[in-house]
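These numbers were taken from a predicted model, which means no experiment stands behind them. Index from 1, following the sequence.
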Amino acid sequence: MQMAVMAKARSALALSGRVVNEAVSFVAFCVLDLVDFLLCFVFRAVDLWIEADFRPCYCSSTKEAITSSGNILVSEQGGESKIVSLTSSKLHLEDISDTLYSRPSLVSEVSRLTLAELKRFKLEDPVLHSKRGNSRCSTFTVNTTIVEMLQAKIGRHLSHQIPRWSDCDCKLCTSWISSSSSPPNTKLFVNSQCPTTGEAGEAVVFIHGFISSSLFWSETVFPNFSRAAKSSYRLFAVDLLGFGRSPKPKESMYTLREHLEMIERSVLEAHKVKSFHIVAHSLGCILALALAVKHPQSVKSLTLLAPPFYPVPKGEAQATQYVMRKVAPRRVWPPMAFGASLACWYEHISRVICLLICKNHRIWEFIAKLITRNRVRTFLLEGFFCHTHNAAWHTLHNIICGTAAKIGSYLDAVRENPNCKVTIFHGKNDEVIPVECSYEVQKRIPRAKVIVIDNKDHITIVVGRQKAFARELELIWNTTN
């Protein structure tokens with residue numbers, strides 16, 4: 001009897017907590033919607049003042065576009081129409097996630113849900129319903145920024161090599177601009193460790209997660225591999241396009257295609273890699289799956305850490321929007337959900353955050369060393385800070401959200417390739433990506449082995465247990481056919 005009473009009390013307390021969280025979240029994110037709207041005008045004014053140039057943001061008025069014969073027909077609402085010619089065959093609009101420019105405010109979202117409920121109960125105005133039924137057309141919506149970035153991508157303006165006023169211009173963050181390669185944004189920065197004598201057999205490609213860098217691998221597992229592994233494998237940890245010491249071009253849309261091509265050019269082609277294993281963390285898991293599908297005969301094993309796979313329910317018309325709401329649910333609690341929501345929903349607020357922490361990363365690193373008396377290595381901070389808002393914003397939307405309708409087919413393709421060994425690691429206390437995501441991957445690839453590590457989260461799945469993880473990787477590679 002007492003146990004039943006306690007269970008009811010806990011249930012009531014949990015319900016009260018959810019209600020409070022919902023209420024506080026609604027108020028907080030309505031305020032954030034307004035703040036982001038106002039920041040749009042602030043950044044527009046500052047950009048014009050400092051750079052004498054203004055690049056439209058994704059909250060600009062939308063445009064309708066029709067692709068035919070390599071052209072985009074642009075018709076501004078209430079304005080004149082014009083044709084933008086796109087001659088490059090590498091520009092693919094389907095790689096651009098609609099979540100970049102379609103992120104409704106919380107108030108409009110509540111209104112939409114209310115109308116949906118009214119429609120479900122057949123209380124919606126039949127005249128309005130009939131109008132909606134005839135409004136379907138073959139066009140799709142893109143944003144001013146997308147059109148102009150595509151134009152710049154063709155032109156390859158040299159001015160785009162110059163960091164924006166809100167980006168860091170230190171030697172570390174701009175080293176790619178002064179690179180001896182021509183043009184300077186053709187190769188990624190690769191942190192490699194290869195045998196000094198003889199020819200190594202296979203290679204291992206390490207792909208980091210969102211707002212991280214190759215240091216996530218080179219400062220943790222690389223030093224802990226056995227002598228046998230170091231003499232048998234070529235290890236390549238990349239800084240993804242837009243992160244770490246890799247190029248951060250302003251004209252890039254940071255699509256899946258661009259990320260894959262840079263990895264291929266910088267590692268597979270540059271080092272003549274024919275057979276390789278992949279180790280990937282978080283967002284990097286999506287790139288790893290796409291790479292495995294593109295090179296099915298070359299990839300021997302996939303080791304995925306906290307893969308962000310959110311199955312889209314059948315009947316869901318907007319897969320990208322569904323995944324965005326799963327990744328960033330617009331809640332103030334837990335803190336990870338709040339941080340993800342700021343990064344995903346608010347273009348200008350996230351730019352302010354980058355302005356404060358990324359542009360001033362040297363100050364924050366100095367403070368961290370001062371507080372810890374230089375006893376703590378700051379490689380995680382360096383990986384977290386060394387990116388631009390443009391790179392983070394587009395990568396987040398185009399990779400995590402934009403691949404929502406594709407990742408299922410990637411998993412199916414890997415399932416049909418029995419020569420690729422699949423192992424998944426996940427921290428039981430991971431608040432960024434729930435452990436259920438790994439089990440969903442296993443449902444699509446039944447042979448995949450899921451290893452859940454107790455008392456570990458999104459970062460400590462590697463950091464803090466690097467010796468054990470290095471041994472686990474060696475076992476995976478040595479037992480791969």
Side-chain angles (χ1 to χ4, degrees), residues 1-33 99 103-124 210 282 305-346 400-401 404 407-408 424-444 448 450-461 464:
M1 183 67 179
Q2 187 178 2
M3 295 293 293
V5 172
M6 291 179 63
K8 289 182 179 179
R10 284 194 296 267
S11 178
L13 186 62
L15 179 60
S16 300
R18 285 196 296 270
V19 170
V20 171
N21 192 19
E22 292 281 348
V24 174
S25 297
F26 180 81
V27 174
F29 282 94
C30 283
V31 173
L32 289 172
D33 287 336
T99 57
R103 289 167 285 104
S105 67
L106 195 56
V107 173
S108 63
E109 186 71 6
V110 171
S111 301
R112 182 187 67 82
L113 293 175
T114 303
L115 286 174
E117 286 298 311
L118 291 174
K119 184 177 180 180
R120 189 164 67 91
F121 287 106
K122 299 183 179 180
L123 295 177
E124 189 179 26
F210 185 57
S282 192
L305 285 77
F309 175 53
Y310 298 90
V312 180
K314 292 183 178 179
E316 178 63 49
Q318 295 179 306
T320 54
Q321 298 287 332
Y322 173 83
V323 170
M324 181 172 66
R325 285 167 174 79
K326 296 293 288 185
V327 173
R330 282 193 289 196
R331 295 290 180 270
V332 296
W333 191 265
M336 286 294 185
F338 181 67
S341 298
L342 288 180
C344 202
W345 285 92
Y346 300 108
I400 291 187
C401 300
I407 190 169
I424 305 169
F425 291 87
H426 213 120
K428 192 172 184 179
N429 298 339
D430 195 332
E431 292 184 350
V432 179
I433 298 173
V435 71
E436 288 76 20
C437 289
S438 288
Y439 288 121
E440 291 292 342
V441 173
Q442 189 182 44
K443 288 180 182 179
R444 301 296 288 260
V450 176
I451 302 173
V452 178
I453 310 297
D454 292 331
N455 303 318
K456 299 300 178 182
D457 58 25
H458 199 64
I459 300 298
T460 56
I461 187 70

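Here the side chains of Val450 and Phe425 are not in contact, with every heavy-atom distance at 4.5 Å or above. Side-chain contact check for Tyr439 versus Val452: some heavy-atom pair is nearer than 4.5 Å.
Across all non-hydrogen atoms, the minimal contact from Val323 to Ala404 is CG2-CB, 3.3 Å. Between Gln321 and Thr99, the shortest heavy-atom contact is NE2-CG2, 3.7 Å. Heavy atoms only, all atoms of each residue included: Gly427 and Ile461 are closest at N-CD1, 3.6 Å.
Listed by chain and residue number, Val422, Ile424, Ile445 satisfy the side chain to side chain contact (heavy atoms under 4.5 Å, CB included) test with Ala448 (two or more places apart in sequence, or in another chain).
To the nearest 0.5 Å, the span separating CG on Asp430 from NZ on Lys456 amounts to 13.0 Å. How far CZ of Arg103 is from CZ of Arg325: 11.0 Å, rounded to the nearest 0.5 Å. The structure places CZ of Phe309 at 11.0 Å from OG of Ser438, a figure rounded to the nearest 0.5 Å. Between atom CE of residue Met324 and atom OG of residue Ser341 there is a gap of 10.0 Å, rounded to the nearest 0.5 Å. Ile400 contributes atom CD1, which lies 6.0 Å from atom OG of Ser282 (distance to the nearest 0.5 angstrom). Taken to the nearest 0.5 Å, the CG atom of Leu32 stands 10.0 Å off from the CG atom of Leu106.
Among pairs with a residue in residues 15-26, those fulfilling side-chain hydrogen bond (donor to acceptor under 3.5 Å, both in side chains) read Asn21-Ser25, Glu22-Arg331, at least two apart in sequence or across chains. Residue pairs meeting the ring pair (Phe, Tyr, Trp, His ring centres under 6.0 Å) criterion with at least one partner in residues 310-339, sequence neighbours excluded, are Phe29-Phe338.
Heavy atoms of other residues, nucleotides or ligands lying less than 6.0 angstrom from NZ of Lys326 number 12 at most.
Considering Ile433, Asp457, Leu305, Val441 as possible partners of His426, the one that fulfils the side-chain contact (heavy atoms from CB on, under 4.5 Å) test is Ile433.
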